[in-house]
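All remarks here apply to the structure that follows.
Computed from a predicted model, the values in this text were never measured in an experiment.
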Amino acid sequence: MTTTHKDLDTSRRSFLKGAAALAGGALVVGFGPAGRVEAAAKAELVANPFVKITGDGRVVAIVKHVEMGQGTTTGLTTMIAEELDADWGQMDTEFAPADPATYGNKLMGGAQGTGGSTATPASFEPYRKAGATARDLLVRAAAEEWSVPAGEITVKDGVVSHASGKSAQFGELVARASTLTPTENPQLKSPDQFTKIGSETLPRRDSVSKTTGTAVFALDVRVPDMVVAVVARPPQFGATLKSVDDSETRKVKGVLDVKETPVGVIVYGKNTWAAIKGRAALTVEWDASKADLRSTDQMVAEYTAELDKPGNVARNDGDAAGTMKQAAKTVKADFVFPYLAHAPMETLNCVIKFDGTTAELWDGCQFPSLVQPSVARILGLKPEQVKINTVWAGGSFGRRATPTADYQSEAAHAVKAIDGKWPVQLVWTREDDLQSGYYRPLFVHRVEAGIDGDGKPLAYHHKLAGKSILIGTFFEQMLVKDGIDTSSVEGATTLPYQIPNLRVDVRNMTGGPPALWWRSVGHTHTAYSTEIIMDMMAEAAGKDPVAYREALLTEHPRHLGVLKLAAEKAGWGEPLQDGWGRGVAVHESFSSFVALVAEVSKTEGGDIKLERIVCAVDCGIAINPDVIRAQMEGGIGYGLGAVMRNKITLADGVVEQQNFPDYEPLRITDMPKIEVHIVPSTTSPTGVGEPGTPPAGPALANAIYAATGNRVTTLPMTDSGISFV
């Protein structure tokens, strides 16, 4: 399915210019610049709309967070429909325009962006408030038309009614409702009044469009006269262009032009294949004099050596070093975590149009507040002169939100180099995706823990060495303090177990590929090391792994709650078949709590088969239980695939992996049976896009140890001699 420029422009224009035309009848409700609730029947109103009701009774949720498969469109629409008492079948969604001033994420300091599992918690109150405000306006409009008290009117499934028998659809009341002044603080429902929030039967908003192919992704976008561009980038990070011979490229059928730019050599084609084939025909010399030419083994050795040196102290309770000497027993392990690619299903791409004074972008845009100024700077524009049309994104896992807006910047350079002659669709291949940078950084950990004669923890020292994601970016001033990038040590510094003497320190490494957050960021490696060390401590103490954790979590009831629930549902303590092993892990990330129990079996040949994973999650109020289960399943699968086989390695500074044959995603045959149990809660909701990933690896590793006696501390597991069925 393709979408023309006219189609996309019309849909946005209809919202911005004609959403509330009385002839068609529409009610727009949102929050103005000062946070005041506003409503209008005219497009001239400057508001921050979250809900639009059309004259034909459609309710449109304006979604300010990109949908990458995590269920944002469903969750935010549910909040509006709940408070509005709309029928789920009358709900539609539109993505909000790029406008940080009005669509900012309060959990990101007001920047407009999606990430950190913040979409649901940041939107819970404002989206419900917008729905409740719209409902109040409709009720008061009906009260005026019917000359009855507003308190006698009810709303259910998109119908406004009164005991007298009078009733109206939403669209019939829009014109009058648009003339009313909204209430500042509409009454919100209490959790016991919810009918849609928490519903087990509410279908996802995007299921049909993605199944039928009508959902528009950036790769689907077509605008008149559009050409496709691919970039030849240096093979080593830090290398620069020395010379290029494009004579053979220009002979390739369908190649339109070749340009040297600050981001590499760009080949323009009539279609994707022509551009890719043309790029392959280039003869390029690169200057590697300033490139990082280290190989992975060399970097791991350097990082490990750094652990013997003092680091930046991120947490220091008591005297870990001194108390460690008094321990009856100690356990110690070094952990190696490789670079990891994000590898979303849809490779990076976007479409850009530039007329010299304005630019327009079509993108599965994760962070408009990063993209607008970056593109504007390259094109000599002001950020507000860059219009971003957000479309569906085929996954991201953090890759679409780089501090440098890298691929969108490449698109800007591509359209600038041809003076806007054609609109450009920039396309990355899978090889580009795996080889051209921005990875979960390589990290090495060393953890040592000491216990007393009764097995209780006395001291714990966690050392980390890895490249900071934030140092060297504009985030550094805001989020890095005393050399501590919280995204490097999160999960380690927030260790919930009761340990009186605990120290965490980090060494910030430099060079190598650019680093980026990856699904659950630092928790991806800290959860693995901490939960394996906890199993090692339990073993040294002669205690059951679950019972040992429970005794140390008495001050953290939500950790304890998911741990007990997962253990109960998994039948922890019940005998397993010969050759089977069971492992546990519990971790908090992004204010959500997840515990996993993994079961594996060992074949006669020694291979490991993943049999079952039982998950318990506490994410506050469960907006959409089906979405939560899907995200837990997906996050667990993503985490399993990474620890089992995934790694990005370098040889003389060049990435060795090229495509999925050597960077294997989780296979369907790998996926175990997964049970997800959601803890009932009335606490404000937290995110679920990422928290399922961190405990997946250590739960699997602990199960493998139980089945084989092999303690896996170097990832991926295949590098530690583990083979899978």
Side-chain angles (χ1 to χ4, degrees), residues 1-18 66-67 93-99 209-210 213-231 254-259 261 263 266-276 278-279 346-366 368 371-372 374-376 378-394 400 405-429 432:
M1 186 268 180
T2 58
T3 296
T4 66
H5 171 251
K6 180 181 178 181
D7 291 331
L8 286 168
D9 187 58
T10 299
S11 66
R12 296 317 188 271
R13 188 184 299 113
S14 66
F15 169 56
L16 295 174
K17 294 184 177 180
V66 67
E67 172 68 75
T93 59
E94 288 182 9
F95 291 115
D99 183 359
S209 62
K210 288 180 178 178
T214 56
V216 177
F217 295 80
L219 274 174
D220 299 319
V221 173
R222 301 290 183 270
V223 302
D225 303 319
M226 185 186 82
V227 301
V228 175
V230 297
V231 183
V255 168
L256 299 171
D257 206 345
V258 181
K259 295 289 185 181
T261 75
V263 295
I266 300 180
V267 178
Y268 304 81
K270 291 183 178 180
N271 52 58
T272 306
W273 176 239
I276 292 173
R279 180 176 65 175
E346 181 188 20
T347 58
L348 298 174
N349 71 98
C350 62
V351 174
I352 189 168
K353 183 180 179 182
F354 177 52
D355 63 8
T357 57
T358 62
E360 189 167 7
L361 198 72
W362 289 265
D363 181 26
C365 193
Q366 189 170 348
V371 174
Q372 270 189 314
S374 297
V375 170
I378 293 166
L379 297 179
L381 303 174
K382 297 178 180 179
E384 57 268 26
Q385 292 175 301
V386 178
K387 179 183 178 182
I388 299 177
N389 302 297
T390 296
V391 294
W392 301 92
R400 295 179 182 273
D406 68 313
Y407 72 94
Q408 298 99 337
S409 294
E410 286 184 344
H413 279 294
V415 77
K416 179 182 179 181
I418 56 174
D419 297 320
K421 181 180 179 180
W422 305 297
V424 172
Q425 183 179 53
L426 178 84
V427 174
W428 285 46
T429 65
D432 295 334

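When the shell of 6.0 Å around CG of D225 is examined, it contains 12 or fewer heavy atoms from other residues, nucleotides or ligands.
The structure places CG of D257 at 5.5 Å from CH2 of W422, a figure rounded to the nearest 0.5 Å. Here the straight-line distance linking atom CD of E410 with atom CG of D432 works out to 8.5 Å at 0.5 Å rounding. Atom CD of residue Q408 and atom CG of residue L348 lie 8.0 Å apart, to the nearest 0.5 angstrom. Rounding to the nearest 0.5 Å places CG of L379 at 8.5 Å from NE2 of H413. Note that the CD atom of Q372 and the CD1 atom of I388 stand 4.5 Å from one another [nearest 0.5 Å].
Across I418, V351, I266, a single residue satisfies side-chain contact (heavy atoms from CB on, under 4.5 Å) together with V424, and that is I418. Under the side-chain contact (heavy atoms from CB on, under 4.5 Å) rule, V267 has a single partner from V231, V255, V228, which is V255.
Of all the heavy atoms in P423 and P224, the pair that sits closest is CG-O, 3.4 Å. Contact detail for Y268 and V227: the closest heavy-atom pair is CD2-CG2, 4.2 Å. Considering every non-hydrogen atom in both V391 and F95, the closest pair reads C-CE1, 4.0 Å.
Formation of a donor-acceptor pair under 3.5 Å by the D363 side chain with backbone atoms of C350 is not found in this model. Judged purely by atom type and a 3.5 angstrom limit, Q385 uses its side chain to pair as donor or acceptor with the backbone of T357. Within the 3.5 Å criterion, the main-chain N or O of W392 finds no donor-acceptor partner in the side chain of E67. Of the possible polar contacts, one joining the T347 side chain to the W428 backbone as a donor-acceptor pair under 3.5 Å is found.
Salt bridge status for E360 with K353: absent, with no side-chain N to carboxylate O gap under 4.0 Å.
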Test side chain to side chain contact (heavy atoms under 4.5 Å, CB included) applied to W362 and R222, step by step: CA-CA 10 Å; W362 289 265; R222 301 290 183 270; over 6 Å; no

Check against side chain to side chain contact (heavy atoms under 4.5 Å, CB included), C365 and T390: CA-CA 5 Å; C365 193; T390 296; 3.8 Å; yes

Candidate pair E346 and R400, rule side chain to side chain contact (heavy atoms under 4.5 Å, CB included), full reasoning: CA-CA 11 Å; E346 181 188 20; R400 295 179 182 273; 3.0 Å; yes

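Contact check for L381 versus V386: side-chain heavy atoms found under the 4.5 Å cut-off. Inter-residue side-chain proximity for I378 and T261 is flagged as unmet; no heavy-atom pair is nearer than 4.5 Å.
Using modelled atom types, one finds no donor on one side chain facing an acceptor on the other under 3.5 Å when comparing S409 with D406.
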